[in-house]
Amino acid sequence: MRCVNCQRPLTQDFTLTALLSAQPLRLPRLGVRCEATFTRIDTHTACPGCGRAESPQLCADCRRWQAQGLPLLHHRALFRYDAPMRLFIQQYKGQGNYALHQAFWHLLPQPARGIAWVPVTSEPHHLQQRGFDPVLGLFAGLPLQLWLTKADTPLPQAQKKREARLATPQSFTATLPRHPAATVVLLDDLYTTGRTLYHAQTALRAAGYRGTIRSFSLIR
Ligand SMILES: [Zn+2]
Ligand SMILES: [Zn+2]
C-alpha cells in the first residue's frame with residue numbers, strides 16, 4: 001500500500017499490543033513522514049469547551065456560547081489548522097482529491113456502544129459541485145448516523161469573515177431514530193467559530209433529543 005498523500009510505499013510497524021487488542025485494527029493510510037508534518041493538539045492543555053490548543057482555562061469564545069445559554073460541546077480536535085493542514089484541506093476539499101479521505105481514519109475515536117456518530121453534512125449544492133461529502137469521507141471509518149440535513153445557504157462558511165460566520169442563520173434540521181443513543185458525538189472537518197456545531201446541537205434539541213451532545217473535528 002502507498003501513502004494517500006505522497007504515494008510513497010507504507011512501511012507498517014504494528015506493536016504487539018495493537019495486534020492483540022480487541023479493537024479492530026485500523027491500518028494507517030498516511031505515511032509516518034506525512035503524518036509528522038501535521039501538529040497534534042495536546043488535549044490535556046486544550047480548552048475544555050472547544051479543544052483550542054494551549055488554552056487550559058475555558059476560552060472567551062466558549063464563555064460567549066455559555067452566555068447565550070448553550071451547553072458547551074466539550075469539543076475535541078486532533079490537529080491545528082497550520083500551513084500543512086491548510087494545504088491538506090485545499091487538496092482534499094478544494095481540488096477534490098478524494099483519495100485523502102482515509103488519511104486520518106486510524107486516529108479516529110473507537111466506536112462504542114451508546115454513542116451515535118452524527119456528521120455535519122454538506123449543503124446540497126456543495127455536494128453537487130464537489131461530487132462527494134468531505135465530512136462523510138473523513139469519518140467514514142466510523143458507523144455514521146445521518147440525523148442532520150443542511151439546507152443551502154447563500155455563502156459557504158469558508159468564504160466568510162469571522163463576524164459573518166457567527167451571524168450565520170440556522171440551516172440544519174434533525175430527524176431522530178425511534179431509540180436514539182444516549183450520547184451523540186457531532187463530527188465536522190474543522191472547528192472555526194463553533195457556529196456550525198452549535199447550530200447542529202440546537203437542531204438536535206429542537207427535534208427532541210435529550211441525551212448528551214459532544215463534538216469532534218479533525219482540525220481546530
Ligand atoms: Zn506520505
Ligand atoms: Zn474554548
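Only this structure's heavy atoms are used, side chains among them; waters, hydrogens and symmetry mates stay out. Remember, predicted model here, so these are calculated numbers, not experimental data. Atoms within each ligand, like the ligands themselves, are counted from 1 in listed order.
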> Can you give the angle Cys34 SG - the Zn ion (ligand 1) - Cys3 SG, rounded to 10°?
Replying inline: 120°

> Where the Zn ion (ligand 2) is the corner point, what angle links SG of Cys47 with SG of Cys59, to 10°?
Replying inline: 120°

>> Would a single hydrophobic cluster contain both Phe88 and Leu187, if residues Ile, Leu, Val, Met, Phe, Trp and Tyr are joined by side-chain heavy-atom contacts under 4.5 Å?
In response: yes

> Does the side chain of Lys150 pick up a donor-acceptor pair with the side chain of Ser171 at under 3.5 Å?
Replying inline: yes

> Would Tyr191 and Phe216 satisfy ring pair (Phe, Tyr, Trp, His ring centres under 6.0 Å), going step by step from the backbone distance to the final call?
Replying inline: CA-CA 8 Å; Tyr191 183 116; Phe216 182 86; over 10 Å; no

> Does Cys50 put an N, O or S atom under 2.8 Å from the Zn ion (ligand 2)?
Replying inline: yes

> Which residue pairs satisfy the side chain to side chain donor-acceptor pair (under 3.5 Å) criterion with at least one member in residues 85-102, sequence neighbours excluded?
Replying inline: Arg29-Gln102, Gln90-Gln95, Lys93-Asp189

